[in-house]
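First the structure, in the form of C-alpha cells, and then the observations on it.
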There are 2 protein chains.
Amino acid sequence: MPNPPTIKEIARKLNLSASTVSRALHNHPRIGLKTRLQVQALARELQYEPNQTAIFFQQKKTFTLGIVLPELSEAFFSAAISGIEDTANKSNYMVLLGQSHDDATREEKIVGIMKNHRVDGLLVSLAKNTVNYAHFEMLRKYNIPVVFFDRIPDMQHIHYVAANMESGTVQAVALLLQQGHRVIGMINGPEKLIASRQRTTGYRTAMQQQRLKYDATLNLPTDLTREGTRQAMQQLLSHKRKVTAIVAFNDYVSQDAVQYALEQGLQINKDICFVSYANLPLSSYMAFPPMASVEQYPYQQGQQATAILLDILSGKLPQDDYQQLTIDSRLVMAPGR
Amino acid sequence: MPNPPTIKEIARKLNLSASTVSRALHNHPRIGLKTRLQVQALARELQYEPNQTAIFFQQKKTFTLGIVLPELSEAFFSAAISGIEDTANKSNYMVLLGQSHDDATREEKIVGIMKNHRVDGLLVSLAKNTVNYAHFEMLRKYNIPVVFFDRIPDMQHIHYVAANMESGTVQAVALLLQQGHRVIGMINGPEKLIASRQRTTGYRTAMQQQRLKYDATLNLPTDLTREGTRQAMQQLLSHKRKVTAIVAFNDYVSQDAVQYALEQGLQINKDICFVSYANLPLSSYMAFPPMASVEQYPYQQGQQATAILLDILSGKLPQDDYQQLTIDSRLVMAPGR
DNA sequence: TTGTACGCGTTATCAG
DNA sequence: CTGATAACGCGTACAA
C-alpha cells in the first residue's frame, strides 16, 4: 500500500463511517470529542492528506487561476506575475501558467486547455496580434470569469486593470518643459492603441498647462518596429524646429532611438534628451538610460487584477459588475549614475 | 442548465448508455459506425468537453507539472520556464508555477501545496538558503518524481540538469590569454558551491594548457554581495602583479566590479577587460557589457529537465535510474556595439 | 455491438 | 452524535 491513506481507510481502522471521519477532520461541532481526537490522531499518524483532486471534482472548484500572458522574459510581465502569485497564494489559490509568446493562435489554445482544466478564473494580457475575442466570449458560457490586465481587448463588458499612460506622459512632458525644452518629439505607437492615444492626450495636456501650442508634426505614430523608430527619428531630427528632447514609446523604442541619435553624432543628454516608459529594469546597467521613465506598476496591476478576480470568485463581486480599473502611471527619475 | 454537458446527458438524449458514449467519443473500434457518428455529432452540437477534473481524479493523474524556482524576474529563470513550458505543452502537460523568492520556507510550503494538488511531477531550482531537503525526500513516498535544474541540491539519488561551468571558464580564460592578458583575476563565489569550484578548475585548466602557472591569489572567493565584490576588486587592483582582465562570477557581480573599476579611474576594455557569466540579456542596452560571456543555456536546461521528467512519467525511464545531466557552458562573444 | 456495475475520495443529505 | 447512501463525471472490466 504505497497509496496515500484515505478517509475510508481511517474509517475502517476505527470502525467508523467515512462521513464521521470527514466531519471529525473538519472539526464539525456535533462530533464526539473523543472520536474526533481519535480520528485526528490516527490521521496524523498515517500522515493523511486529503486528495485535492477528489475535492476539486466534487466541489467543482480547483482553486487554480489560469494566467495567460505574452512573455515572461519581458520584465513587465515577470513583475506582474509576482503580484498575481502573491495575491493568489494568500487566498490559497495556485497559478497555472501559459505564455502566448504573442501568438494569437497559441493564446487561443491555452485558453481552451485552461478551460478544460477547469481553472476557476483567468487573468489575461493579450497577445499583440489578437483581434478575435471569441475564445474569451466563450468563457462566459462556462462561467469562468476573466480579468484582463495591461494589454486589454477593445470590448465593452469586461473586467480589467490597466495603466493610464496619460498621467505619466503629462509629467514627462512637464519635466522636459521645465528643463527648458520647447521642441519635444514623441515617438508614439499605432493610433489604434488606447495607450498611444493616452500618450498623445498627455502630451497635449502638458503643453496646454504651460499655454504652449501643441504641434502634431512632432508626435509621430509608428508601428513600434526598429525601422519605424529610425524613420521617426529621421523625421524628428530633420524637423524645421530643432528637437532637443524625445519621449519614446517604451524602453525598446528608446534604445533604438538613442542608437540612431548616436549614429548621427549627437550627444545624449546634451544635444538631446530621452524620456521613456519602463519595460526594462531601469538600473545601472543600461548604456543610456532615459533621464526619466514612466512607471506602469506591473506588480500592482497583477495584484489588483487578481484581487478583483478573487472577489468575483468569492461572490463578493457580481460577475457583471464590470471592474475597469486604471492605475495612474507616474514619472520616475533615473537614479544618478 | 448552464452546466456544461456531460457524457450522461448525451447518453440520455440518445437512449444509449454512458459507457457507449464514452467509447464512441474515444473512437473505440467496436462501436457501431452510425452510433459513433451520432454521438460525435451530438457532442459537437452540445459543445461537449470532457470534465478534466473528473478524469484527473479517476486516473490519478493531473497532467500538471509543478515548477518551483526562485525568481522569474531573473532572466535566466524566465528563459528556463519557456523551455519547460514548451516541452511540457508538447506532451499535453500544463505548468503550475511557484516562486520561492529565494526563501526556503516558502519553497517548502509551495512543494507541499503542489503535492496536495497532485501534480504529476516537479521541476525545481533551489532557493539560495535551502539547506534542508526533507520536503523533497517526502515526495518519494508520494511517488512524485522531481527533476532539479541549475540550482541543484547536494544529494545523491536525484535527477538533475545543470550547466557545467568548467568548459565555459576554460574558454573564457583561454580567450583572455590569447589576447595577451597574463594576469587574470577571478571574482569567484563561495567555495562550497559546485559552480565556484568548476570555475576554479576551468581557470587552472586554461592556464595549464598554455603551460602557465596558476596563481591562487588571483582567484578570490566572495559571498557574491556587492560589498564582497568591491573588496575582491580592491584586492585584485592592488595585487603585486598588474591585473589586466577579470572573470566575474556573473553579470551582477560584473556590474559591481565594473563600477568599482570606473571609480578607480580605470578605462574599461583598455586598462581592464571583463568576462562574465550570462544572467542579464547580453544586449545593446548594457552600459559596459563584458567583452564575452559564458552562456548557460537556460532554455535548454528547462527543456532537458522537462524531457527527463516526462520520460519518467511515461515510464520510459525508471524512477531510480538517476539522470544527472550536465550541459557544457560556452563562451559567447559580445556583439559589437 | 452495447449495456451494467463499479470505483476513484470526498462531502452533503437524510435518517436514526 | 453517528451511519448509510447518493452524487460528482468518467473509464473500464465484465456481461450479454
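All of these numbers come straight from a predicted model, not from anything done at the bench. Just so it is clear: chains get the letters A, B, ... in the order the sequence lines come, proteins before strands, and each one is counted from 1.
Legend: side chain to side chain donor-acceptor pair (under 3.5 Å) pairs involving residues 127-139 of chain B, not counting sequence neighbours, sorted by first then second residue: B:Glu107-B:Thr130, B:Glu107-B:His135, B:Glu137-B:Arg140.
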Please evaluate residues B:Tyr160 and B:Asp150 with respect to the criterion side chain to side chain donor-acceptor pair (under 3.5 Å), reporting the C-alpha separation (whole Å), side-chain torsions for both, the decisive distance (0.1 Å), and the verdict. CA-CA 8 Å; B:Tyr160 72 72; B:Asp150 193 55; over 6 Å; no
Does B:Ser22 form a side chain to side chain donor-acceptor pair (under 3.5 Å) with B:Ser19? I'd like the steps, not just the answer. CA-CA 5 Å; B:Ser22 170; B:Ser19 42; over 6 Å; no
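Salt-bridge formation is not detected for the pair A:Lys316/A:Asp321: no Lys NZ or Arg NE/NH1/NH2 atom is positioned less than 4.0 Å from an Asp or Glu carboxylate oxygen.
Partners of A:Ala11 according to the side chain to side chain contact (heavy atoms under 4.5 Å, CB included) rule, which considers only residues two or more places apart in sequence or in another chain, are A:Val21. With sequence neighbours left out, A:Phe63 forms a ring-ring contact (aromatic ring centres under 6.0 Å, His included) with A:Tyr93. Every ring-ring contact (aromatic ring centres under 6.0 Å, His included) that B:Phe57 has, sequence neighbours left out, goes to A:Phe57. B:Arg23 pairs by the salt bridge (charged side-chain N to carboxylate O under 4.0 Å, His left out) definition with nothing, not counting sequence neighbours. Scored by the side chain to side chain contact (heavy atoms under 4.5 Å, CB included) test, A:Ile110 finds A:Val68, A:Arg106, A:Met114 as partners (sequence neighbours excluded). Contacts of A:Ser100 classified as side chain to side chain donor-acceptor pair (under 3.5 Å), with partners at least two apart in sequence or in another chain: none.
Backbone-only contact: B:Thr6 has heavy atoms under 4.0 Å from sugar-phosphate atoms and none from a base.
Of the residues in residues 20-27 of chain B, those lying under 4.0 Å from DNA chain D by heavy-atom distance are B:Ser22, B:Arg23, B:His26. Across residues 43-62 of chain B, B:Tyr48, B:Pro50, B:Asn51, B:Ala54, B:Ile55, B:Gln58, B:Gln59 each have a non-hydrogen atom less than 4.0 Å from an atom of DNA chain D (numbered order).
Nucleotides of DNA chain C lying under 4.0 Å from heavy atoms of chain B occupy a range whose first and last members, 5' to 3', are C:dT1 to C:dG9. Contact footprint of chain A on DNA chain D: nucleotides with an atom under 4.0 Å from a non-hydrogen protein atom, first to last in 5' to 3' order, D:dC1 to D:dG9.
Under the 6.0 Å cut-off for aromatic ring centres, B:Phe148 and B:Phe136 qualify, their centroids lying closer than that.
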Kindly list each side-chain donor-acceptor pair under 3.5 angstrom involving residues 302-310 of chain A, sequence neighbours excluded, with atom names and distances?
residue	atom	partner	partner atom	Å
A:Thr306	OG1	A:Gly302	O	2.6

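A residue-by-residue look at B:His28 and A:Ser19 shows that B:His28 has its nearest nucleotide of DNA chain C further toward the 5' end.
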